[in-house]
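Note that ligands are numbered from 1 as they come in the structure, with each ligand's atoms numbered from 1 the same way.
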Amino acid sequence: MKLDFAPMEGVTSCLYRSVHAACFPGVDRYYSPFIAPDGSGRFKGAARRDILPENNRDLRLVPQVLCSRAEAFLAVSRELAAMGYGEVNLNAGCPSGTVVPKHKGAGMLADLKSLDAFLSEVFSRCELKVSVKTRLGLESTAEFPAILEVYNNYPISELIIHARDRAGMYRSAPDLEAFAAAFPASRAPVTYNGSVVDRASLESVLSFAPGLERVMLGRGAVTDPALFRVLRGGEALRLEELRAFHSRLERAFLDAGLGEHYTISRLKEVWYYAIDKFPDAGRLHKAINKARRLEDYDAAVSALFSSGLYDPTAVFRGR
Ligand SMILES: Cc1cc2nc3c(=O)[nH]c(=O)nc-3n(C[C@H](O)[C@H](O)[C@H](O)COP(=O)(O)O)c2cc1C
């Protein structure tokens with residue numbers, strides 16, 4: 001089975017991906033958090049650095065683009081092709097209130113005529129393979145058959161289905177029945193995404209979609225960076241591995257010159273999920289969140305690792 005790491009803006013940056021790939025090999029593909037170009041397809045700064053091949057050595061990256069104008073998408077794709085990428089991923093799932101009203105992300109699902117026009121333009125001119133990461137609908141997963149009819153008009157290299165509608169944000173239960181209907185009906189190969197956090201949740205998805213061969217892991221893998229190995233039948237994450245991973249991550253941020261405050265804020269984002277490996281560690285999590293200086297942060301993390309609260313079987317609890 002192919003197991004991919006989902007894009008998570010603010011978490012799975014190139015530094016995170018590189019450290020993860022070094023500590024936990026076995027991810028088939030990492031997807032970049034979205035590049036949001038301007039109307040002409042320009043993007044710069046952190047978004048550009050994040051996908052530069054030299055910042056993504058020793059892992060396979062698929063860059064993702066969030067935009068509603070085909071011209072901008074094509075301009076970014078040309079740059080990605082020049083960097084040596086063979087595939088670009090379209091974000092048709094972002095639920096953010098600042099994105100959807102602009103008909104971007106999940107907002108692309110609001111008007112299927114515009115979606116069709118966008119894809120028609122992109123597929124007639126894009127030199128890269130184009131994959132799509134979609135939700136099952138905007139207000140309801142019942143919208144998906146009509147959405148899939150549009151997708152099926154195009155040679156999408158892969159359709160990643162986050163099995164929720166936009167209204168469900170990240171909280172609703174994935175609609176496995178709607179996914180089960182979509183899986184065989186898609187012309188493009190399908191990847192499942194949504195709340196796979198352990199073997200049991202993977203088995204449950206597979207019971208709805210026998211024959212499924214591709215799964216994308218997000219928050220569950222940030223909680224448990226060894227989840228790829230665990231799902232392949234390997235050993236559970238050991239406390240020492242998690243400690244080494246976090247200290248390498250911190251080192252990588254500091255070595256990249258990100259500065260103490262920025263480094264701490266990025267690491268707190270990771271702990272938002274990773275804390276679930278330490279049930280009942282609310283007080284210790286608070287100390288991490290309170291830390292403003294590196295020495296306080298390091299002391300709080302060290303206290304957590306020595307607390308005895310680590311549970312190798314604990315998983316992302318969902319929130
Ligand atoms: C903090 C955060 C940032 C995310 N950023 C992106 C993004 O940049 N592009 C994208 O397609 N999805 C993004 N997602 C959605 C995830 O890729 C994934 O579809 C979602 O979390 C469901 O999978 P999971 O239940 O395995 O986490 C983000 C999710 C979260 C929680």
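- Nearest to atom 7 (C) of ligand 1 by heavy-atom distance, out of S195, P7, C94, A36, is P7.
- Among protein heavy atoms, the minimum distance from atom 3 (C) of ligand 1 is reached at E9 N, 3.2 Å.
- Only side-chain heavy atoms of H162 come within less than 4.0 Å of ligand 1; its backbone N, CA, C and O stay farther off.
- For G220, no nitrogen or oxygen atom sits less than 3.5 Å from a nitrogen or oxygen atom of ligand 1, counting backbone and side chain alike.
- Annotation: side-chain hydrogen bond (donor to acceptor under 3.5 Å, both in side chains) contacts of S140 (sequence neighbours excluded): none.
- Where the criterion is an N or O separation shorter than 3.5 Å, residue side chain and backbone included, V11 fails it with respect to ligand 1.
- Nearest non-hydrogen protein atom to atom 23 (O) of ligand 1 is N193 ND2, 3.0 Å.
- For the pair G93 and ligand 1, no heavy-atom separation below 4.0 Å is found.
- Contact annotation: for Y273 versus ligand 1, heavy atoms closer than 4.0 Å belong to the side chain alone.
- Taking any N or O of R219, backbone or side chain, at least one lies under 3.5 Å from an N or O belonging to ligand 1.
- Protein heavy atom in closest approach to atom 28 (C) of ligand 1: Y170 OH, 3.4 Å.
- Neither the backbone nor the side chain of Y31 comes within contact range of ligand 1; no heavy atom lies under 4.0 Å.
- By the criterion of a heavy-atom distance under 4.0 Å, the side chain of Q64, and not its backbone, is placed next to ligand 1.
- Evaluation of the salt bridge (charged side-chain N to carboxylate O under 4.0 Å, His left out) test over residues 178-200, restricted to residues two or more places apart or in two chains, returns R199-E203.
- The protein heavy atom nearest to atom 26 (O) of ligand 1 is G218 N, 2.9 Å.
- Contact annotation: for K133 versus ligand 1, heavy atoms closer than 4.0 Å belong to the side chain alone.
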